[in-house]
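Throughout, protein chains are lettered first and strands after them, A, B, ... in sequence-line order, and every chain is numbered starting at 1. Fair warning: this is a prediction, and the values are worked out from it, not measured in the lab.
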Amino acid sequence: MVIREGDTIAAVATAPGECGIGIVRISGPEAIGIADRVFRSVSGRTLKELPGRRMNYGYIFSPDDGEKIDEVLVVAMKAPHTYTREDIVEVHCHGGNVAVRKILETVLSMGARLAQPGEFTKRAFLNGRIDLSQAEAVMDIISSKSEMGLKTAVSQLEGGLSKQLDGIKDKLLYIMSRIEASIDFPEHDIEEVTRDDLIQETRSAIHMVERLLSTSSTGKIVREGLSTAIIGKPNVGKSSLLNALLRENRAIVTEIPGTTRDVIEEYVNLRGVPLKLVDTAGIRQTDDLVESIGVEKTREYLESADLVLLMLDAGRPLSEEDRIIIDIIKGKRVIVLINKTDLEIRLEIDEIKKRFQERPVIYMSLAQGTGLDVLEDTIYKMVFSDEIRTGDAVMVTRVRHVDCLKRAKKSLSDAAAAMLNKLPVDLVSIDIKAALEALGEITGDNITEEIIDRIFHDFCIGK
Amino acid sequence: MEYHAGDYDVIVVGAGHAGCEAALASARLGCNTLVVTLNLDSVALMACNPAIGGTGKGHLVREIDALGGEMGLAIDKTFIQIKMLNTGKGPAVHSLRAQADKKEYQAVMKKTLEEQQNLDLKQDEVTEIIVEKGRCTGIKTKNGAVYSAKAVVLTTGVYLKGKIYIGDISYEGGPYGLFAANALSGSLEKAGLKLMRFKTGTPARVHRDSLDYSVMIEQKGDKDIVPFSFMNEFENLDREQVSCWLTYTNENTHRIVKENLLRSALYGGKITGIGTRYCPSIESKIMVFPDKTTHQLFIEPEGRDTCEMYVQGMSTSLPEDVQVQFYRSIKGLERVKIMRTAYAIEYDCIDPTQLKLSLECKEIEGLFCAGQINGSSGYEEAAAQGIMAGINAARKTRGQQPVILDRSEAYIGVLIDDLVTKGTQEPYRIMTSRAEYRLILRQDNADRRLTPKGYEIGLVTEERYTKFKDKLKKIQDEIQRLKDTIVPPSKQTNAFLRERESAEIKTGISLYELLKRPEIDYESLAALDPERPALPKAIGKQVETEIKYEGYIKKQLIQVEQFKKLEDKKLDPNLNYYDIKGLRLEAQEKLAKIKPTSVGQASRITGVSPADISVIMVYLEKKRRAESK
C-alpha cells in the first residue's frame, strides 16, 4: 500500500444501498480543480469563481463524451477551515448504487485517488484539526452499534474525554511546578512545599483517573456490545426468547465465517445497550433438533460471553443436564429466566434461588408475553451504574485508553507512596512525569513509535 | 597599518570563563592556539557574584571537570566558603556552591593559561573577523595585527557595544570599569549574523567595616568539605572558611524604590535590552511581587585580602543617590559605605539558533561561539559552552566529527540544546528543572558519564583516567560486598533497627537490602558492618545513592530509552520542509530556520506541535518503506 502525501483523494461518503442521496467527497489540493472539470453549474461559473460553502445546482458531465451523468448539488469548502484542513468538494447526487459509482469513477479518472478507509480522518488528525482520541472517536461514531455508543463517541469527538484528561493533567502540572520551584530556588524564601498538600493533590488526581477507569467496562460494552449467550436445554424456549428480543429490537446481523460452520452474531439494541447475541443459529438448531446441547457446546458459547441468560422450564423439575449447565456457569454474570410460568410449576424454585443467591431470577411467560420488560430493566441496571445513567456520557471506550490510564494510575500511586515514605521530592517528579506521559499518549500529545505504528495500522486497515 | 602577525590553528576571542576553557581545551588537544583579550588583568574575571556553582550550575562545573576542563580545579584552589545545597532533597538536586577569592581565582587561571603549552596570550581588541566564501579564516585587531586561523571561537561575554546604565546616567563601557569592544559587532553583522541586545545587572560592592553584623544572620560553610574537582579529596583540608550574612529588605526599602521608579534605567524605559528573570533587579522583584513585604539579601566577601563585600539580590539600575538611600534602609546596612555602585549593562549577543549543536555557526564555517555572546548568563554556563567550543574547534581543524552531548548525558547537553534549538528571549540560566533526566544527571556521577568520553577525546589525562577507573572499581566492589554480606536477626541488629524506627527482621537480610530503606544511611550502617573497608566518603555516598535509588534510576533509564529513539531518528539538515504536505506553515518556517538534525530535536522547537512531529514521522516511515522496496 503506497501512501502518497499531498495528493487528492475521493470516496463515496454515504452507505451503499438504495436511498435518496449519495455523496462523493473529494479532499486535497486538486479537489476544486478536479470538480470543475466534471461539474457545470447552471450559473455558468466555475467552483473556483463561485463563493465557497454554498450549494451550487448543476450537472456532472462525462469528460469524454459530454454526456450528463446526474443532476447534482455541489459544495466547495476552501482550506483550512474544513474537516481535513484541505480543500474539500462534496457532490450530492441521487442515491442508489449506479449514479454515485459513476460520479466517483469520473472523479477518479480526473486525477483523484480512491481514499483508503479512514483516510479523511487520518488527514484531519495529521493536519492537527483533531487529536488522536478525537480521531478514534470518529471511527467509533461510524461504527457505533447503539445510540448510547453514538452519544459516547460524539462526546469524545467534542473533546469530552480530552477535557477530563486536561483536568487531570493540569493538576499534575501544578504538582510538578511546585516540586521544581522548591528544587531550583533553595536559597530563596519560596514557600516550602508541604508534603501533605502534594499528597492530597496526588490522591485527588488518582481519584479522577479511577473515575474514568470505572467507566471503561461500561464504555467497552457500549462500544463493542455485551456479548450474550442464551443457554438451556432443548425446548425451554430459547428461540422464542430470541425472536421476542429481535422482533422489537433487531439492529445488525453479522455473518462470521467459521471453521465447522458459519456463526451468526445478532445485535439487539436494548434501551441503548447493544446486546451481541452469540451464535443465534446454533441456539435455534439445538431447539429444533431436540438434541442435547452437550457440555462441550455449552462451554464454547460461554467462553467469550459477558452475560449468560440461563433459561429454565418452570413446568419441569431440574434435569441432570440442567444441573451440569448450572455448574458450568459458576463465576459468570448470569440472569436466570424461568420461562413457561403459565404452566403448573414443577421446578424446584427454592433450590434455584439458593444456588443463585446473588443473581437476578426473572419469571416470564413468552407464550403470554410477560417478563420481557423486567429482563430489559435488569440488563440495563447491570450494565449502567448510577452515575452513568444520569447522562454523563464521558466514557473510556478503548483498550488502548484503559492501558494508558492504568499506567498513569500506577505511577501516581507510586508517587503518593514515595511521598508518604518521605522519599526525596525530586524522585516523586519522575513518577508524576511518567503519569503525564501516559495520559499524553491518549490524545497523541506524546508521540511514541507505538503511536506511529497505530496510525499506520488503524487508519489504513479497515475502519 | 595592518601587518600579518601570525598563523594559528585556533584563535579564541576573549579570555573570560568561556574563553579560558576554550583556549585550554584547544591547546591541550595539541592545536596551536591564540587567545586575544581586551585586558590581561581581567582573565577569568568574576564580574558579578564572587561564587561558582549553585543549583544546576554546580552540575555544570562537575561536568566540565569530568571532561578535563579547568574550572573545578581553579575554584578548589581558591574558595573561601563552600556549601552543599539542597541536602534536604534528593541526590539528584544536591548542588555544590563555593564563594571564591576573586583575585586569587583570576591569578590562578591566568597562570594556568600562561604556562599552557601551545597557547599564546595577547592583549588587544579584536575588531573584525575575516570571512572568505562562507568560511572564517582569521581576525584583525585594533593594533593592526592580522592573524590567520583554521577556526575561530568568539567568547566576547558582555563586552560587545557594552553600555553602562546607572539611573539616568549612561556611558559606553564594559563590566567592572573596563573598556567595551565597539568594533566587532559591525563585522559580525556584515558577515550575516543576527544580533540581539540583552541586559544584565550587578549589585553594589560595600565596605566590610560599614556593616552592622549583630542584626544579620550568619551563614557558615559546611564542616565536611566536598571538592568540585574529581581529582581532589578534601577529607582533611585545613582551610578556614569565611561567613556570609543574611538580611532582608523591608517596606521602607520598597517605598524608596517605588518612589524613584521613573529614574530607573529599566523602568524609566532607557534600556532597550531584555532583562533576566532569574537574576532580576530589585526594582523588578518589587514590582513583579507587590505582595512580598521583604526580599532576601546575602552579603558575601569578595576575597580574604579585601574589604569589598558583594550584596547578592540587590542588582539595580537606579541612580546612585537612590541606591545609597535604599541600601541604607536595610537592617545591618544603615551606615553602609558603597565602594562600587550597582549598574546595569546592555550588550550585543547573537541569536543562538544560528548555531549548530557543535556551537559552530550554520552559515559561517569555522566560526564558533560560546558563552554570554550566545545569550546565556553565568560563569558556569559560559565555561560549559567554552570547553565544548574549544574541543569542536580543535576537531574541526583536523576534519573530525564534533562532540555533541545530548540531554540524557549531561547538563551541558541540555544547555546547548536549549540555546540552539529553542533560542532564548532573555539571558539563559541553567536550572535543574530544565533537565528531564535529573536522577541520571547527578553531580556525583558526572565522572562516570563523561570522563571516559573526555579520555577518548584526549582531554582527560592518564592520571585522571586511572583515578577514575580505580574509583569505579571500588564502588562496584563495595556494592557487591554489601549484597553478599548478610546480617543475622540478632538482638543487636534489631535494637539498631528499632532505634531508627525501622522494621525489625526475623531472618537474615543483606546490608544491600537494609540500605534501601529510607531511614537507614550508609554511614550509620557501619555499626552492623565490622568488615567494612576504609573508603573515601565520596565512594560511600555514591554507593548509597546507587543502592537507594536503584528502582527510580531504572524508571528513568526507561524514559531515556524512549528519548533516545527519537534522538536517533535522524533528519537531513537540508530537508525541504516546505515539500512536506500536512505541516503547518509556522512549523515549516521554524524547521527551515533551525534545521534540526533529529526528530527529537525537532520536537523541542517552539512552534512545532506533536501533530507536526507525527507528520514528519509518517513521512520518514513512508520514505523508509519506499526505499526498502
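Other residues, nucleotides and ligands place more than 12 heavy atoms under 6.0 Å from the CD atom of B:E218. Counting non-hydrogen atoms of neighbouring residues, nucleotides and ligands closer than 6.0 angstrom, the NZ atom of A:K48 reaches no more than 12 such neighbours. The environment of A:Q200 atom CD is sparse: at most 12 non-hydrogen atoms of other residues, nucleotides or ligands sit within 6.0 angstrom. More than 12 heavy-atom neighbours from other residues, nucleotides or ligands sit within 6.0 angstrom of NZ on B:K570. In the displayed structure, B:K331 atom NZ is contacted under 6.0 Å by at most 12 heavy atoms of other residues, nucleotides or ligands. Counted within 6.0 Å of NZ on A:K409, heavy atoms from surrounding residues, nucleotides or ligands total 12 or fewer; the atom is thus considered open. Within 6.0 Å of NZ on B:K564 lie more than 12 heavy atoms contributed by other residues, nucleotides or ligands.
Identified by a heavy-atom distance below 4.5 Å to chain B, the contributing residues of residues 411-421 of chain A are A:D414, A:A418, A:N421, in residue-number order.
For B:E436, the parts sitting under 4.5 Å from any heavy atom of chain A are the backbone and the side chain alike. When heavy atoms are compared at a cutoff of 4.5 Å, B:S609 does not approach chain A at all.
The closest side-chain heavy-atom distance from A:E437 to B:Q562 is not below 4.5 Å.
Considering NZ of A:K433 and NZ of B:K555, their distance stands at 13.5 Å, rounded to 0.5 Å.
Chosen from B:R438, B:E519, B:K548, the residue pairing most often with chain A at heavy-atom distances under 4.5 Å is B:R438.
Residue A:I430 forms a side-chain contact (heavy atoms from CB on, under 4.5 Å) with just one option from B:Y552, B:Y437, B:Y549, and that option is B:Y552.
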